[in-house]
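In each ligand, atom 1 is the first atom listed, and ligand 1 is the first ligand listed.
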Amino acid sequence: MKNFKNQIDFFLRQYLGFSRKNYSEKNESKEGLFAQQKALEREQYLLEKFGLETLKSNSTRQNYLENLYTVDLLERFFELEFRDNLTVLDIGCKNWCYARGEYFFFKRYCKNLILDGIEIDSNRLYTNFYNRREVAKFHIKDLKGAKYISKDFLRHDRRYNYIMWFLPFIIKEPMQKWGLPDKYFQPEKMLSHAYELLNSGGNIFVVNQGLTEYNVQKGLCQKLNIPFILLGEVKSEFLNYEIPMFAMVLNKN
Ligand SMILES: C[S@@+](CC[C@H](N)C(=O)[O-])C[C@H]1O[C@@H](n2cnc3c(N)ncnc32)[C@H](O)[C@@H]1O
């Protein structure tokens with residue numbers, strides 16, 4: 001029954017694609033955002049290292065935290081060499097509210113950055129009648145080389161140096177609750193395709209919600225013979241999730 005409803009809703013969203021245009025968010029003061037000294041010090045460090053001043057002076061408090069969280073995780077787990085060109089993909093980027101975190105992180109390590117975000121359900125509407133694509137357009141508007149792609153990832157075939165995958169659907173129930181039809185539940189195919197699109201020497205960074213999903217993710221990598229490094233539970237000074245987050249890095253030689 002749930003699947004039937006999701007199929008109809010998804011079809012209507014794809015077909016009608018209605019949204020208000022020109023979404024924007026107003027800057028909010030960041031005063032008193034962190035009480036903890038540790039968080040203040042980490043913020044300062046990331047601000048300087050990745051040049052996040054424009055992010056800080058042009059974001060809501062929530063969006064600033066979402067992006068700091070992203071840079072914080074990436075900085076801890078990735079050590080990159082500087083190069084001329086870098087291609088990065090985010091799979092299932094939703095409204096891409098954390099695009100600037102990814103962008104400023106990777107931009108520090110290259111001259112030319114291509115950052116793609118792909119989302120199958122970009123027409124999904126928020127209660128303010130903007131859809132995800134319109135919101136994402138706002139978040140990437142000043143990021144040269146960033147592109148939001150409304151498409152099924154399984155139909156995408158560009159190659160990348162790095163792939164970011166925050167909260168993939170690895171178990172069916174969360175995906176059904178999210179509103180996607182069951183036919184899009186293909187975790188093994190998705191992972192295998194992501195690995196195919198990864199250049200040699202590249203990495204896929206996966207963050208799973210909860211231990212059960214993390215274990216299923218691990219099992220999938222083992223089944224597909226994909227080498228991985230477990231990072232365990234990941235916490236950040238900037239966002240606290242009710243359900244613990246776990247991460248791993250997949251490698252390709
Ligand atoms: C749990 S959400 C995570 C969203 C976002 N990465 C975040 O961390 O907030 C998973 C996202 O993946 C998208 N998705 C699922 N299957 C997809 C596919 N085949 N191609 C592109 N996006 C997909 C969903 O529509 C959803 O927005």
Quick test of your reading of the structure: of I120, I118, N95, V207, whose heavy atom lies closest to atom 17 (C) of ligand 1? I120
Where is the nearest protein heavy atom to atom 25 (O) of ligand 1: which residue, which atom, and how far? E119 OE2, 2.5 Å
Please say whether F153 places an N or O atom under 3.5 Å from an N or O atom belonging to ligand 1. yes
Please confirm whether Y184 approaches ligand 1 to less than 4.0 Å, judged on its heavy atoms. no
Protein contact of atom 2 (S) of ligand 1 - nearest heavy atom, named by residue and atom, plus distance: W178 CZ2, 3.5 Å
To the nearest 0.5 Å, atom CG of N27 lies from atom CG of L55 at 9.5 Å
Flag L154 as yes when one of its N or O atoms lies below 3.5 Å from any N or O atom of ligand 1, and as no otherwise. no
Can you tell which of G92, P187, C97 gets a heavy atom nearest to atom 5 (C) of ligand 1? G92
How close does the nearest protein non-hydrogen atom get to atom 1 (C) of ligand 1, and which residue and atom is it? L167 O, 3.2 Å
Quiz item: cation-pi between K252 and Y195, 6.0 Å / 45°: yes
Trace of the ring-ring contact (aromatic ring centres under 6.0 Å, His included) decision for F50 with F104: CA-CA 6 Å; F50 296 98; F104 290 124; 9.1 Å; no
Counting each atom of ligand 1 from 1 as listed, which ones have a heavy atom of D152 under 4.0 Å away? 18 (C), 19 (N), 20 (N)
Who's the nearest protein heavy-atom neighbour of atom 15 (C) of ligand 1, and how far? L180 CD1, 3.6 Å
Any side-chain donor paired with an acceptor under 3.5 Å for E134 and N131? no
Ligand 1 contact by W165, heavy-atom criterion under 4.0 angstrom: no
With heavy atoms of K151 as the reference, note each atom of ligand 1 found under 4.0 Å away. 20 (N), 21 (C)
Spacing of CZ belonging to R108 relative to CG belonging to L80, to within rounding of 0.5 Å: 10.0 Å
I91, any N or O under 3.5 Å of ligand 1 N or O: no
Pick out which of Y98, Y241, F246 makes a ring pair (Phe, Tyr, Trp, His ring centres under 6.0 Å) with F166. Y98
Identify the closest protein heavy atom to atom 9 (O) of ligand 1: which residue and atom is it, and at what distance? K94 NZ, 3.1 Å
Within-cut-off N or O pair, D90 and ligand 1, under 3.5 Å: no
Give the cluster check for M190 versus Y214: same hydrophobic cluster or not, with ILVMFWY residues linked at side-chain heavy-atom distances below 4.5 Å. yes
Return yes when R132 approaches ligand 1 closer than 4.0 angstrom through a heavy atom, no otherwise. yes
Within the 3.5 Å criterion, strictly below it, is a donor on W96 or E119 matched to an acceptor on the partner's side chain? no
Side chain to side chain contact (heavy atoms under 4.5 Å, CB included) between V249 and Y162: does it pass, once the steps are laid out? CA-CA 10 Å; V249 175; Y162 290 92; over 6 Å; no
Using a 3.5 Å cut-off on N or O atoms only, is M190 in polar contact with ligand 1? no
State whether a side-chain donor-acceptor pair under 3.5 Å links N95 with Y130. no
Between E213 and Q217, does any side-chain donor sit less than 3.5 Å from a side-chain acceptor? no
Would you mind listing which atoms of ligand 1 come within a distance below 4.0 Å of any non-hydrogen atom of D121? 25 (O)
Please write down residue, atom name and distance for the protein heavy atom closest to atom 3 (C) of ligand 1. F166 O, 3.5 Å
Could you check R42, K49, K235 and say which one makes a salt bridge (Lys or Arg N to Asp or Glu O under 4.0 Å) with D72? R42
